[in-house]
Amino acid sequence: MFPILFQIPNTGGMSAGAMAFEIILGVAAALAWLWASTQKREEWWVGIFSTATLLIGGHFVASKFLGPTVPIHTFGVVVVIGFLLGVWFMTKQATKEKRLEIDSRHVFDLGMWLLLAGIVGARLLYVFLNYGEYADT
């Protein structure tokens with residue numbers, strides 16, 4: 001298996017006007033998503049606002065802080081696919097078969113918290129096991 005599945009070219013170097021426009025557009029999409037989520041609406045445009053916020057923010061970070069190429073690692077793709085399939089399966093179990101006594105939205109929220117805790121915990125374990133690398137700096 002290849003360690004790097006493929007690389008995305010990063011042109012970088014946005015002009016000041018384009019950067020300001022992207023920041024304003026990203027903040028507007030984030031505010032629209034926050035407003036729509038507080039209204040307890042589950043319509044198609046709420047998903048569009050949240051997706052737009054993530055894509056604009058991701059493009060801004062990639063163009064500003066990453067190198068000339070962004071490597072997509074095979075292990076990361078496999079972990080993301082496994083996580084999404086696990087959350088999808090648990091959500092289906094909660095909604096259709098009523099095996100679980102909880103709402104499917106709570107299953108999805110729990111999955112996101114578990115993902116965050118897994119990332120933070122893995123990083124803390126890495127720092128703990130490789131403390132010598134960090135102690136010298």
Side-chain angles (χ1 to χ4, degrees):
M1 181 156 50
F2 299 108
I4 296 178
L5 193 58
F6 58 91
Q7 295 197 16
I8 300 173
N10 183 16
T11 57
M14 294 188 337
S15 67
M19 189 179 303
F21 177 73
E22 189 163 316
I23 289 171
I24 291 170
L25 191 62
V27 169
L31 290 175
W33 172 68
L34 286 172
W35 173 80
S37 63
T38 58
Q39 299 295 318
K40 304 286 191 231
R41 296 179 183 213
E42 295 185 16
E43 298 177 18
W44 60 270
W45 50 270
V46 177
I48 288 177
F49 285 138
S50 64
T51 305
T53 303
L54 290 173
L55 288 176
I56 291 169
H59 180 262
F60 178 74
V61 168
S63 65
K64 194 68 181 156
F65 300 110
L66 296 178
T69 60
V70 179
I72 304 299
H73 296 273
T74 306
F75 180 75
V77 171
V78 171
V79 168
V80 167
I81 290 171
F83 173 76
L84 292 175
L85 284 174
V87 169
W88 175 77
F89 177 74
M90 290 305 294
T91 305
K92 291 297 179 191
Q93 291 292 319
T95 56
K96 288 191 176 185
E97 300 187 19
K98 300 289 183 192
R99 288 186 190 178
L100 304 174
E101 298 285 329
I102 54 177
D103 189 15
S104 63
R105 288 178 289 183
H106 296 294
V107 171
F108 185 77
D109 289 344
L110 177 64
M112 292 301 120
W113 283 110
L114 288 173
L115 177 66
L116 180 65
I119 291 171
V120 170
R123 192 59 175 166
L124 288 174
L125 180 64
Y126 179 82
V127 170
F128 178 74
L129 292 177
N130 299 304
Y131 182 72
E133 294 179 23
Y134 296 98
D136 295 338
T137 58

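Put simply, Leu84 and Met112 are part of the same group of oily side chains (I, L, V, M, F, W, Y) that touch within less than 4.5 Å, one to the next. Cluster membership check: Val80 shares its hydrophobic cluster with Phe83, using side-chain heavy-atom separations under 4.5 Å among Ile, Leu, Val, Met, Phe, Trp and Tyr.
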Let me check something: any side-chain donor-acceptor pairs from residues 113-131 under 3.5 Å, sequence neighbours excluded? List them with distances.
from	atom 1	to	atom 2	distance (Å)
Arg123	NH2	Tyr134	OH	3.4
Asn130	ND2	Tyr126	O	3.1

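Residues forming a side chain to side chain contact (heavy atoms under 4.5 Å, CB included) with Val77 (at least two apart in sequence, or on another chain): Leu5, Ile72, Ile81.
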